[in-house]
Every structure is written in structure tokens, then in C-alpha cells.
Amino acid sequence: MSQAVRHLELPEQQLPLEFADYHESIKVTGFWIFLTTDLVLFACLFATFAVMRYDFANGPTPIHLFHMGPLILETALLLTSSFTCSLAIYQSRAQNKTGVLSWLILTILLGIGFVGTEVHEFISYVGLGATWHKSGFLSAFFTLVGTHGSHVTFGIFWALTLVVQLVKRGITPRTSRKLYTFALYWHFLDIVWVFIFSFVYLVSMTGGKMA
Amino acid sequence: MSQILARLFPPQTRRPDEVVIEIGIVLSMLFLVYMLTRLKKWGWLWREWLTSVDHKKIGIMYLVSALLMLFRGGVDALMIRSQLALPNNHLLPVGQYDELFTTHGTIMIFFMAMPFLFALFNVAIPLMIGARDVAFPRLNAISFWLFAAGAILFNISFVVGGSPNAGWTAYPPLTELRFNPGVGENYYLVSLLIAGIGTTITGINFMTTILRMRAPGMTLMRMPMFVWTVLVTGALIVFAFPPLTIALLLTLLDRLFGSSFFTLGHGGMPMQFVNLFWLFGHPEVYIVVLPAFGIFSEVVPVFSDKKLFGYPAMVGSVLAITLLSYVVWVHHFFTMGAGPSVNAFFGVSTMLIAIPTGVKIFNWVLTMWGGRIRFTVAMLWQLAFIPAFLVAGATGVLLATVPVDYQMHNSYFLIAHFHLALIGGTVFGVLSGMYYWWPKMFGFMLNERQGKWAFWIFVSGFFVTFVPQYMLGFEGMTRRMYTYPAGLGWGPLNMVSTIGAFVQGLGFLVLVYNVLWSMRYGERDLTGDPWNGRTLEWSLPSPAPSYNFAVIPAVTHRDEWWEMKQSGKARAYKVKSSAIRPIHMPKRSAMPFFLGVSFFVVGFGMVFSWWVITIIGALGVIASLLFSAFDYNDSEEIDPEDVRRSEASLGRLEI
Amino acid sequence: MADRLYPSHGTGAMNQVELVENEDSIEISSLAPHFAVHKFPWRQVFGYVASLVLTAMAFILVINHVLPVSALVSVVIALAVLQAAVQLGVFMHLRESRGMAWQILVLGLGGFIALCVVAGSIWIMMFKSGVA
Amino acid sequence: MPKRQSTRWPYRWIPLAVIVSSLLSGCGQHYTILHPAGPVGQTELNLLVLASIAMAIVIIPVWILLAVVLVRFRDNPRHKGTYIPKWQRSKFFEVMLFVVPLIIVAVIAVPTVQKTYALDTLPRQKDPLIIHVTSLDWKWMFQYPVQHIATVNYIKIPAGVPVLFKLTADSPMNTFWVPQLGGMEYTMPGEVLPLWLEANKPGVYMGRSGQFSGRGFVHMVFKVDAVPRTAFNQWVHQVKTTAPSMSVAKYHALAHFGYAGAESFSSYPAGTFPTTSHGFTLTGSSPMVMP
Ligand code: HEA
Ligand code: HEA
Ligand code: CUA
Ligand SMILES: [Cu+2]
């Protein structure tokens, strides 16, 4: 740890709007820390799924249950929404309010599409008798994926409040900071999803025993 | 209707301590309401406290709650000890002992130790780093009210519905609905979940505050040691509470919504709860002890009139403890038999923690070496801590020795280990901190003479209580036994332990007397620096004005205030009038209080599965969140003239 | 400095405040912030394409079963980690901040703990005892 | 000030006095853990003694150092130490503070790892007796799979022969613990864990659960009767010929909440002990009725 104190490379006026206001910039730091708590939260759910992944208790197994169709659709929707969300931030840096709003609304729509597909998928499982009561494996599966899904749902409502605020107040240090933290959240959920489709779906579908 | 009443007040024999406490609580509530009404203080209460976002006031509210909970958990402990004083004792109705140790452990850890520490975080940290408040003042208030909601919910379980009774660790499948059909465990799960959210927010808040809001020039290596420990405690909280949240949440899902995580049937895996719980539980014990270490690192130099010895080593050891504490959790369940490689790994990693901890102990002693030690009450608590914690730590290392743990696990040896650590470390630490910062909080001193009486009585009772418990461990007495037969030789030692507990109780009463007496007759602290302090909080008047610093100081040294005094620059007492600018401060807000109430309602509904109530509460939560999303009017500006006036009235203004 | 806790909003108000050492100072040079500024959102497009490609690779590998299971699992995990790195670096502006980019440190610690949680749990729950 | 000096003595000596007297009284028969009756318990005790000595080497000097510091450097005109307010670093101390504890930790850690592995392997030269242990609410059921007999709340074992216990639960978790023979291990539903113990001399040893499992937890005690080999064989024969057999209904009754005395059974139904770690084929506990 060096004792030397260097200065920020950019003078304050050139900082992106989110960081221009000292206190608003602190909120970004706080939000990052919150995201890491969420990271550990998901890690615990992953761990639970990992240790319970063979506790079928005579219930259905992943090979019977999972299908590529909805999985590919969900993944595509979420990855694309991550992209549109990043474009909203790009437009906010360019001070383009309509740009921000349109990308943000597109993000919301993609998010709704994701949640809708997932709900549909869950309903079809329950229709097959795969309720979460049935086995430890199913409890862990529904809870992990469902927690992600409810995070996305929360994100959708959050984004809706942002739309209202942006329309009302335009792009200010405060609204742009809020948008920035929302984007962090959204991309973070994307990362979690990547691990879900890799660990929960793909690896289970190989039928192979993980180390 | 009668059905509802039957669920709220199931037929059960009441514990005598509950009856006394509940009557006491109801009476004091009525008295409080009466006084507030008579003195027309409702508005004051609402404006100055319930809606306050000032870290100093939030700290005081935490402190008051923690002292109340210490009393409550202490009374539980006295009941435990009374029941165990004699073999074959039947002082308590069957089954109530189980509730006692559960509520005792839970309350002491979550509703006494944690809030007591948060009280001191709030009171001291912003002042020590030269900030005007924490990073998120409103979230800070939310943390407090969520803690309060959780604590109240947990505490009403005695009157309404029944208490949890599966230990503070609440291992399933004992907590599964089938083995534990009452609402008691729901109370445990829901109240800890709610309080846990608040705690997580506190962790985020203080980490952010310390990372981003230090006064100019206060580099990392110039931060007071307490600030360092709070920073890493924040990190510990942030990463340790998610496992707890998940463990509790999944158990709650099992109980309320029929999932099969930790159940005996349906391929449930109770061991995973144990695993998750200790992923939290072990860091938790460092969460409660590291800030105490920080307090000692402030108290020792001040009362030895000497610089802290080995500051870089102190920082390094705190960081090492933090990292290590994430990779030792299995030592709480060696006997689950996860295999020799797992046990050997976690046994050795646990022992390694002794090294950085030892560095800290030696550094405190070396700080005193060559100093001029003043035996104030704050210092005495620290001095009692060292011998006690040495024993606690050494017996901890014995427990980390895997084959030894196979014999000592869940025995009274373990009980003695952790009480020596929790009381000798945490409780002595917070009491030391309380005496130390008391004048800064309230503007008057606690009487030293009475404080010393309280100290000596409590500490002697403490050793008399817990040292015999080590021996009980060697005699094979296990924890959580509501009674034991004669003839095993456990009687005499238990009797000694019980006597010690009552002596501790006496010490606590003297402490309460000390506080109440000093409120009336205590000496006022007019200097703001009664101990000849070393850090920035002592450069402020006691208590500090709402904005803390009229002008934020520029820091050039570790122990900045002491250096200022050394170089004769004590004029920092004086604030340059021209340097005062308008100050932006957060506005008080009713939202945190409202959110706390809403969470309480949600929780209460969940406990009884009365979903209408839960939904009503949830609407309150949503309303609060929406309100704050659209609330852009949350700060206000203090006029420089007002600041000048108030600084002048404190005699601190230099024209 | 006196008025820095809650400066009034809008960039206009900022110029009255001189940049003070503290909160924007960099003590740990590896945590110095970095900002990317471009005329066209190239980075975003790159990130999107990269994430699609990485995902497609994982799916194709699993559907075609070309690798033995243990290798397949490691590759899928490696792809997921890469994907996370792309999201963090490109979309989440990991290195942007005012003053030190503390989030890098915090996230690193969080990642370490997440790894301990998952790997540790799996290891512990294997119950590999030698006696039997 | 001298007065304060005198008041501090008791608090330093009380714990020490208590500890010393406890060490002396450690000879009493009640200190079961200090009187092992088998190789496992003996190994554990040896480690306990070794680690305690190592800890004493740490604790006692620090106590003395603390006492010396408090006497020499108290704020008192008569104190002996010189005042050095700015002394805050010392290479020597900083290295020593790290190295000495490291050595002590190593002294404990190495045998810990060794013994952890050692106690996880059965002594090879002897054939073990196998006993299946199931903790039920609130009693212990033991099954001898080779002899095909079962007992409740007591076991007989041959002295001098290692016994391999396989532990599981059809109830909330408990730990199986016979302090004089050796350490405890959890009994958990859905998992079968091995633990071996041996009594090297005949005698009656008390066993109990170390993990709280509800109301009747304190009654989860059992007797371990170690007898010579021939007496053991006789006992098996006697149980086989005279004791009743355990029916499925009886198993269900046992698995139900309640207490039981010592019982013996000449046989037991199949499926009452898990063959895999995925649970019983016959699950006992029926929905909760508190006794
Ligand atoms: C403040 C709380 C606190 C603290 C600080 C500690 C500190 C330690 N604890 Fe403790 N512990 C608890 C609270 C605490 N513990 C609680 C509450 C439980 C039980 C919970 C329950 O089951 O309900 C528990 C249980 C517990 C167990 C589980 C036992 C069991 O269930 O079977 C173990 C096992 O390893 C353990 C070990 C340790 C160790 C090695 C330390 C170390 O950190 C100690 C380090 C300190 C020193 C060693 C002394 C100073 C060092 C020197 C002077 C240097 C030289 C020393 C050496 C070279 C050794 N603890
Ligand atoms: C910080 C945490 C903390 C603190 C401070 C304490 C403080 C005390 N504890 Fe506790 N304890 C735990 C945490 C703590 N404990 C935990 C986590 C458990 C495990 C629970 C579990 O198994 O799940 C436990 C378990 C536990 C047990 C084991 C119970 C069992 O397993 O069967 C015992 C037994 O002696 C005990 C005793 C005491 C005593 C005597 C005190 C004393 O220090 C208390 C001091 C007393 C007072 C402060 C009293 C003040 C009140 C008065 C003076 C009022 C007088 C009024 C009347 C007489 C009506 N505790
Ligand atoms: Cu020592 Cu008998
Ligand atoms: Cu621990």
C-alpha cells in the first residue's frame, strides 16, 4: 500500500454526470457493495443446489424436466436486455433523453419477456407433478431460479419508476446516477443467469456427475 | 374469534421471569405514555428521535435498546443458572428451559451484542473520520428501525403465541414443522430475517462511509484503529449475513410453504443448514469481537498516554483475521464427520487465527509498556479483557484440535469458551467503549467510583461463573440439559457457577445505578476532551452539534488531535468564522420508522400465516420504497449564520 | 470542503468547490479509476457479440456431447467465468469511479467468498470418511 | 493508588486458584474425559494434554507480563518504568510476536492432523464388531447386523475388540457419545456415518447424546457394557433365544415420540437401517404428537 497520494486523472467537470456530484458518487460505491452481498446470497443458493442436486427422492430428474427451447429463449432475451441497458447508459452520457428512454423501455420489455417465459416454464414443470415439495432437488432448483426471477421482476418495477423520473426531471446527476445503479443491477442479474444456465441447466442436462 | 385468540395465547404455563418482565414492560410503557402526555413530549419524541436521521441520535437509540436487551438476556441467564443450580431441579415447567437458552443466546448475540456495537459505530465513526454523517443517513435510520422491528417481534413471542425452543442455532429437522409445530420458530426465523436486513444495510453503510467520507488527508494508514476494525467488520457483515439469510429463508420456506430443503423426508438435507448457518456463524463471532478489539486499541493508548504500538501490524492482523475467518466455519461441526481431510484443513486454518490475534494482544501490552497507565473504568474493562480472552482463545485452540473437539463439542467446556470470548471480549469491550464515549454522547461523565464497583463485582462474578464450567466439560456435562441426575458430580460446580451468575447480576445492577445516578449528578464535560484523547472526536464539544464539524479538518497525522495538542495548535478548538460555509444536511424523515412498522406487520402476519396482515404490511413497504424513489427533497442547508451562532455559543468561534 | 456532504445538484454548482485531496485521492494505484469515452458504442456492441458467442459455445458443446463429461463441465464453467468478465468489464464499467475504484477490491473479496461457499459446501458434503 | 493495587490482586489470583484446584481435583472419578478406557479416548486425551501444555506456555507468561506492566507503568509517582510516549515500533518484537506463536501452533497442528487421519482408520489387525446405531425420539436403537439382534438404550460389546458404529437417525440430529471410550459423532437423517471405538477393559460406560433434540433430549442416555469375549458371545446367544423379536409395529412404536427403558430383540425387520445414504426404506416417525 503506497502512502503516496495521487490525484484523480479527470478534473471534476469532465467526470460523467453520475460521478459529478460527490454525494451521488458515494451511492454508486454503496451500490457496488450491495451487489457483492447479493453475489454471496446467490452463491449460497448455488451451494445449496449443488449439494442437493441428486436428492431426487423418487421425483423427476433434470434430464426428464429440462428442455433446450425455453432455456435458449430466456438466455437470448436476457443477454439482449443487458445490451440494450448498456446502450441506455451510453445515451445518458450523451445527454440524449429520448435515447435513454427508448433503450430503457426496450430493456423493460425484454425483461418482461424473460419473466413470462420463466413463469411459463415453471407452470409446465408443476403440471408434470414436479412441485418443490417433491424433493430436495426441486426445492433447490425452484428457489435458486425463482430468486433470480424475482430479482428480475423487481428490476422491472424499478426501471418503471426510473422512466417516470427521467420523463419528469430529465438527465440530472441524480437521475443519471439512479440509472447507472439500475444498470449495474441489471447486468449483475445477467451474470447470475449465465451461471444458472451453465450450472443448473447445462451441467445437469449432461447427466454427468460433477466432480 | 376464539380461534384467533387461542392461537395468539395458546394454553401454556408461564415462566416466572416472563410474567415479571411482561408486567414490568406494560407498567413502564404506561408510565412512559403518561409522562409523554403530561409533559407534552410526543412531538419532541417524534421530531427529535423517531424521525431522526442523525447518526448520534441513532447511536443513542441503539444503546438504550442494547442495555434493555442485556437486562432481558441476563434475566434469562439467571433463570438458566437457577434451574441448573441443583441436580434434579424442577424450578421451571418442562420444556421452558429449552425456550430459555434459545431466547438467551439469540437475544444476547443479535439483539444485545450487535446493537451495542452499532451504537458505538454510530456514535464514534463519523466523528473519528471527520465526517458530518454516515454515507446514507436515511438507510442508517432504516437499519435501526428494522432492528427494532425484529427485536420487538422476537420479544413479543413470550406473550403472544409461544417462544422458539431449538437453540440459537436452530438446527433442522428439529425446527421442521412436524417436530416443532408452534409459531415459536417462525418468530425466530422472521425476526432474525428482518433484523438481518437492517444489519446488512449497516454493514454497507459503514463500509461506504469509511471508504469514501474520510476528511482530507486521512489516508488509510492514518485512520484510528477503531475505524479499521469497523471497516472490516462491515466487510464481514456484508459477506456473512447472506448465508444466514438463506439458511433462515429456506427453513421458513420449509415451514410455511412446504418445500423440502432441510426436512427429514423428501430428500431433505439438514446438514446444509448447519453448513450455511456456520458460514455465517463463525464470521459472526468476529463481527462481535473485532470492533471490541478496535475499542481497546483506542482506549489503551489514551489511558497509557502513549502511541499505539505496532499500528501497521495491528492493521495487518485485523485483515488477516478477516480473511481467515471465512475459511474456518467447519470447526463448529467437526463431529459431523465430513472426513479427515476436511477436518484437518479447517482445524489448522482455525489455529492460524491465533497468530494475528496474539499479535494484537501483545501489541496492547507493549503499548502500555513505557506508558503512564491511568486506571479509569474504561481502562479497567480492557485490563480484565486480556486475561479473560487469553483463556477463551487458548481453549478455542483446544477446540480447534480436532480429536479434542470430538470430546469437548457441545459440552460445558464449549459454553465456557464462548462466554469467556463473548463476555470477556465483546461485553467488556462495549462497556469499555460506553464509559469512554459516554461524555461525547451525553455531555456528562459517568461516576468513576461507582463504575469501579460495578466493574469489580461483575468481573469477579464472571470468572466464578464460567471457570467451573470448563471443569463441568471435563466431567462430561453437555449443553442444553434442563436437568441432570445427582451422582455424576456435577452439582457443586453448577452451584458455584450459579452463585457467580448472581454476582454478575449484582454488578449489572450497580452499573445501572451508576448510569441513573450520573444522569442526575454526573459531572458535566465542558472541555469536550475529558480523557486527553487522541482522535478527532475529542476536538469537538460534548455532545457534538448536529453538523459535527463546522469546518472539516485537514488531517496530517495519525492521532491527529493529539498531534495538534502537542504542537500547541489547540486552536482547532476555534473555528475560523470566514471558513464556515453553508452546510448541507439530510432532512429528518418518517419513512424509516414507517418502514420498520410495515416490516413488523409483515413479520407478524408471516409468523401466524395470516396473509391478509402480511399483505397489508407489504403494501406499507412498497409505499415506503416508492416514496423514497420519488423523494428528491431529502436534504436541507444550514445557514452559515446559524453555524456561527452555535459555534460562538460554544466558545469556539474565531473571528 | 465545508459544504461537501450535500453539494447542491447540477454541474453549475460544482465549480465553486475546489477539488480537495481526500475523497478523490488515489492511495492504491491499482484501484485508480479509468473511463472509456467513444463516439459510437463499440464496446457495448463488442460485449453483446462476445456474450452471444460464449453462450452459443456452451450450448453447442452440451448439445453435441463432443467432450467427456468432466472436461465438458470444466469448459462450461470456464465459459461462464469469461462471460462474467465480459459483463463486468464492458457493461458494468468496473473501473469507473470517483477516487479509488473500491468496488474492484470488494468484488474480489466477494468472489473469493462466493467460491469458498460453493466449493467448500460441495467438498464438505461429500462425507469422505476413511473408516468404512 | 496503592489501595487500588491491593484490590487488583484477587481478580488475578481467583481464576488461577480455581484452575489449579481444578487440575488437582481432575483426578476425581467424575472427570470422565480424563479417564479414558480405550485407545480412541486415550489418543484424544493425550492431544488435550499436549495442547494444554502448549497453551499454558503462552498464557502464563502473558499474564505475568501484564502484571509486570501494570505495576511498573501505573500513573503513580512511585512507578518504576520510564515514560516513552512515542515508542511504537520494534523490529525484534514484531518478528518474535509472529514467529513464536507460529511455532506453538505448529507444535499442535502437526499431531492434530496426524491423529485426525489416524482416528479415521480402523486398526487393521483386528476384526471389528459392527453395530448400527439409530437415534430415535428420544431413545437409542442398536442393531447388530451380523448377529442380527437389536437392543434399545444399551449395548454389550466385547472388550479389546474395536467396534465400528454406523450412525444414522430417524429423528432430528443427535450425537452419539461415550466419553470414556472416545469422542462423539452426529447421527443424521439421510446419512450414515462411521465411528470406531474400543474398550480396552471390561466395565460399564455411560453414553449420552451431545446434540439437543427436543424435550426428551436429556433422557437420551445409554449404557455400554464391555465384557470379555466369551461373555459377549453368551449374551448374544441368550438374546437370540429368549428375547422377543422386533416387529414393524414395534419399530414404529419406538420411532414415535417417547421414552424407553433398556430392551433386547432377537431379530429386527429389514429396512430399518438405511442401505444407502438416501434414507430409510421404512420411515418410522408419524406426524407430531407431543407426549
Ligand atoms: C467473540 C466470540 C468468539 C471468539 C473471539 C472466538 C474465538 C475462537 N474460537 Fe470460538 N466460539 C464462539 C465465540 C468465539 N470464539 C461461540 C459463540 C462458539 C459456539 C457457538 C455455539 O455452538 O453455540 C464458539 C465455538 C468454537 C468452536 C467450536 C467448538 C464446538 O462446537 O465443538 C471452536 C473450534 O475450533 C472455536 C475456536 C475458536 C478459536 C480458535 C478462536 C480464536 O480466534 C482465538 C484466538 C485467540 C488466542 C489464541 C489468544 C491470544 C493469542 C496469543 C496470546 C498468541 C499465542 C497463541 C497461540 C500460539 C495459540 N470456537
Ligand atoms: C453475548 C452473548 C452472551 C452473554 C453476554 C451471555 C451471558 C451469560 N450467559 Fe449465556 N449464552 C450465549 C450468549 C451469551 N451469554 C449463547 C449464544 C448461548 C447458547 C444458547 C444455545 O444453546 O442456543 C448461551 C448459553 C448459556 C448457557 C448454557 C445453557 C445450556 O446450554 O443449557 C448458560 C449456562 O450457564 C449461560 C449463562 C450465562 C450467564 C450466567 C451470563 C451472564 O453473563 C449474564 C449476566 C447477568 C446479567 C446481566 C443479569 C442482569 C439482570 C439483573 C441484575 C436482574 C436481576 C433480576 C432478577 C433476579 C429477577 N449462557
Ligand atoms: Cu488423574 Cu486419576
Ligand atoms: Cu467459530
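So that the names make sense, note that chain A is the first sequence line, chain B the second, and so on, each numbered from 1.
If you measure heavy-atom distances from B:V496 to chain D, you find no contacts under 4.5 Å at all. Interface remark: B:P312 contributes side-chain atoms only to the contact with chain D (heavy atom separation under 4.5 Å). When heavy atoms are compared at a cutoff of 4.5 Å, B:Y482 approaches chain D by way of both its backbone and its side chain. Proximity to chain D (any heavy atom under 4.5 Å) is shown, for B:F462, by neither the backbone nor the side chain. Proximity to chain D (any heavy atom under 4.5 Å) is restricted, for B:V397, to the side chain, taken from C-beta onward. Proximity to chain D is limited to the backbone of B:L308, based on heavy atoms less than 4.5 angstrom apart. Of the atoms belonging to B:W364, not a single heavy atom falls under 4.5 Å from chain D.
In terms of heavy-atom pairs under 4.5 Å with chain D, the best-connected choice from B:F362, B:Y484, B:F333, B:F303 is B:F362. Your options are D:M188, D:R72, D:K115, and the one with the most heavy-atom pairs under 4.5 Å with chain B is D:M188. The residue among D:A106, D:S52, D:P85, D:A54 with the most heavy atom pairs within less than 4.5 Å of chain B is D:P85. Of the listed residues (B:T175, B:T395, B:V404, B:N343), the one with the most heavy-atom contacts under 4.5 Å to chain D is B:V404. Contact count versus chain B (heavy atoms, under 4.5 Å) is highest, among D:V113, D:L167, D:T116, D:T175, for D:T116. Of the listed residues B:G487, B:S317, B:G95, B:G371, the one with more heavy-atom pairs under 4.5 angstrom with chain D than any other is B:G371. No other option in B:T367, B:V359, B:L366 has as many heavy-atom pairs under 4.5 Å with chain D as B:L366. Chosen from B:T483, B:L472, B:L398, the residue pairing most often with chain D at heavy-atom distances under 4.5 Å is B:L398.
For B:D305, the side chain to side chain contact (heavy atoms under 4.5 Å, CB included) partners at least two apart in sequence or on another chain are B:R374, B:N532, D:Y83. Every residue was checked against the side chain to side chain donor-acceptor pair (under 3.5 Å) condition with B:Y412, not counting sequence neighbours, and none meets it.
In this model, a donor atom of one side chain and an acceptor atom of the other lie less than 3.5 Å apart for D:E185 and B:Y406. Using a 3.5 Å distance cut-off with no hydrogens or angles, the side chains of B:Q469 and B:S497 do pair a donor with an acceptor. Side-chain contact of D:Q211 with D:W177: a donor-acceptor pair under 3.5 Å is absent, judged by distance alone. Under 3.5 Å, the side chains of B:N180 and B:N165 contain a donor-acceptor pair of N or O atoms. There is no side-chain donor-acceptor pair under 3.5 Å between D:D170 and D:T134.
Both the sub-6.0 Å distance and the 45° axial angle are satisfied by B:R558 relative to the ring of B:Y311.
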Criterion ring-ring contact (aromatic ring centres under 6.0 Å, His included) on D:F217 and D:W138, from CA distance to verdict: CA-CA 6 Å; D:F217 156 72; D:W138 290 291; 9.9 Å; no

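Between B:Y470 and B:F474, a ring centre-to-centre spacing not shorter than 6.0 Å is recorded. Aromatic pair D:W196/D:F165: centroids not less than 6.0 angstrom apart. Aromatic pair B:F262/B:F273: ring centres closer than 6.0 Å.
Heavy-atom minimum distance, B:L493 versus B:E475: CD1-OE1, 3.8 Å. Taking every heavy atom of both residues into account, B:V342 and B:A338 meet most closely at CG2-O, 3.7 Å. The two residues B:E563 and B:K307 have their closest heavy-atom pair at OE2-NZ, 3.1 Å.
Heavy atoms from other residues, nucleotides or ligands lying under 6.0 Å from CH2 of B:W453 number 12 at most.
Of residues 90-98 of chain D, those residues with a non-hydrogen atom less than 4.5 Å from any non-hydrogen atom of chain B are, in numerical order, D:S90, D:F93, D:E94, D:L97, D:F98. For residues 345-352 of chain B, heavy-atom neighbours of chain D at less than 4.5 Å comprise B:V348, B:M351, B:L352, sorted by residue number.
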